[in-house]
Structure formats: structure tokens, C-alpha cells
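Starting from 1, each residue takes its place in the sequence as its number. In listed order, ligands and their atoms are each counted from 1.
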Amino acid sequence: MTRNIRTGKDAEIRSYYRAMYRAWGPQHWWPAESPFEVIVGTYLTQNSSWTNVERAIRNLRDAGVLSVDGMRNLKRSRLERLIRPSGYFRQKAQRLKTFISFLDLRYEGSLEKMFAQPTHTLRGQLLDLNGIGPETADSILLYAGNHPVFVVDAYTRRVLNRHDILREKTDYEEIRTLFERALRPVTEQQEHVREGDGLRLESGFPGIVHPPSAMSTAHRTAQVQVYNEMHGLLVGVGKFHCGKSKVKCDGCPLQRFLPKAKDER
Ligand code: SF4
């Protein structure tokens, strides 16, 4: 049987985390003022750039409808207009309305009640909703609900694939399990939690760092914080170094882990 993930990679994943964190520090991802804003963002960011998501979110905020009540009372046609900058706006409006109906039906419109569910139960319910795949479900669980699940995205796959750790078509759950297992010891030894605790960065983040937001500075467990940072840091590597067609290894905090570089040591 062919393995999709090379064995014995847990320690390497931990080294990636430490190298990226030392280089760039906290990423303050997900930038949002409330759990509901995170949820809306997870829908809007599907097939869209974050800049366009921000424009749509701003429209919703300016219209005073960036809340469960606001969106419930909003006509779908108006919702479509407000989120138009994020693309696929008809489909996304319908999916957001579906989420509100689910919340109303199962949890009396309460995100608190929803997030009080065990992770496994809620994950299954979210995955049953139209428009929610594993990445969206896990983003909602981790960033809006502080549930300890790792979010696997295209950037993560690309980096691990280029570093010869996994095959391109590796199953989402396999990668999630790898990260959750590998990062557990980091959580236990975690000495940093927030910025300003004496961390001296080795290099500057190459892009725009998100300013601290209500959600990125909210109280959370060390485990959730590590999953949060790891995902944000991999997004940074994917965006600014490890592009789909443009790869800039010079200056990338993961350069020393490249299989070729390792062979030469
Ligand atoms: S840019 Fe180069 S060093 Fe950085 S993750 Fe991609 S392949 Fe690795």
C-alpha cells in the first residue's frame, strides 16, 4: 500500500511551527470583531480574495446587518447586493440564509448554544449543511468557536507536498490528524501565548500583518492558539513565498527544511 504521508514527520511539523513563529510572530488571524463575523467570512472567502471579502463585510457592517438577527431579517436580494464584492453572491447569500435557518432550528438562534456542543457533534452538523466542506467547518469551529481542530487549506497542502511530506491528493482528515498529533507537544510546552511576551522576531512578515482584533485577542486555550497560529503562518508562507506558480524560497522561514537543503547539510 502506498502511503500518502511520509512517516515520522511529527517532529518536522513542530520545527516548521517554531521556525515560522520565530520569524514572523503572531498573525492575528482571523481578523473579526465577533464569532458571527468569522462565520460570515468563512462563507465569503470561498473562491474569493480576502480584500474582496473585506469589502463585502464592510457593506454588511455599514448596513447594520452583521449579526444573526440582522441577517435573519434581511431580504435575500438585499443580502446578495451587499455581499456582491465577494463573488458567487447568489450562492453565498443562499448558503448564509441556510446557516441562519439551521441555527434557529437547532439552537434557537444562539451561537453560544451551538458552540457548546461537543466538537465531533457540531462538526458533523456543519458538514451536513449546504456549502460547508471540511475547511469551512473547521474554520468555524476553530476561529469562531475555539474548538481544537486544525484547518487544512490549499497552502498547507502545497507546502507539505513541496517538502515531500505528503502526496498531492492526500485525504483532508489524514492531514488534519497529522497536524493535531504533531502540534500537541508544542501546546504542552507552549511558552508564548500572545505578542509582547519578549519574543524577538528573526525577520519581518513580508505582507500586511492583520492588526489585533476582538477575535484574534480573545481568550482561548493554548492548543487552540497554536492551531490558530500554525494555520495563519502557513497562509503567510503560501501567499508570500510558496505560490501556485511562483515560488520564492529565499527568505522563506521554511527554506532550511527543503528536502534538497537537508540532503546537503
Ligand atoms: S517557498 Fe520554498 S522553502 Fe518556502 S515553503 Fe515553499 S518550497 Fe518550501
For this session: Go through the side-chain N and O atoms of Thr156 and Asp153 and say whether any donor and acceptor fall under 3.5 Å apart.
Result: yes
Exercise. For residues Asn161 and Arg158, is any side-chain donor paired with an opposing acceptor at under 3.5 Å?
Worked result: no
Problem set entry | atom 2 (Fe) of ligand 1 to nearest N/O/S of Cys249 below 2.8 Å | yes
Counting each atom of ligand 1 from 1 as listed, which ones have a heavy atom of [X] under 4.0 Å away?
X      : value
Val247 : 1 (S), 2 (Fe)
Leu258 : 3 (S), 7 (S), 8 (Fe)
His241 : 1 (S)
Gln255 : 3 (S)
Leu254 : 3 (S)
Val237 : 5 (S)

Exercise. Charged N to carboxylate O under 4.0 angstrom, Glu173 versus Arg123?
Worked result: yes
Problem set entry | OH/Tyr88: more than 12 non-hydrogen atoms of other groups inside 6.0 Å | no
Exercise. Around Arg72, counting heavy atoms of other residues, nucleotides and ligands shown, do more than 12 lie under 6.0 Å from its CZ?
Worked result: yes
Problem set entry | His163 near atom 8 (Fe) of ligand 1 via N/O/S, less than 2.8 Å | yes
Exercise. Do the ring planes of Phe150 and Phe179 sit parallel (below 30°), tilted (30 to 60°) or perpendicular (above 60°)?
Worked result: parallel
Problem set entry | Protein heavy atom at shortest distance from atom 6 (Fe) of ligand 1 | Cys242 SG, 2.4 Å
Exercise. What protein heavy atom is closest to atom 4 (Fe) of ligand 1, reported as residue, atom name and distance in Å?
Worked result: Cys252 SG, 2.4 Å
Exercise. Heavy atoms, side chains only, cut-off 4.5 Å: are Ser48 and Lys92 in contact?
Worked result: yes
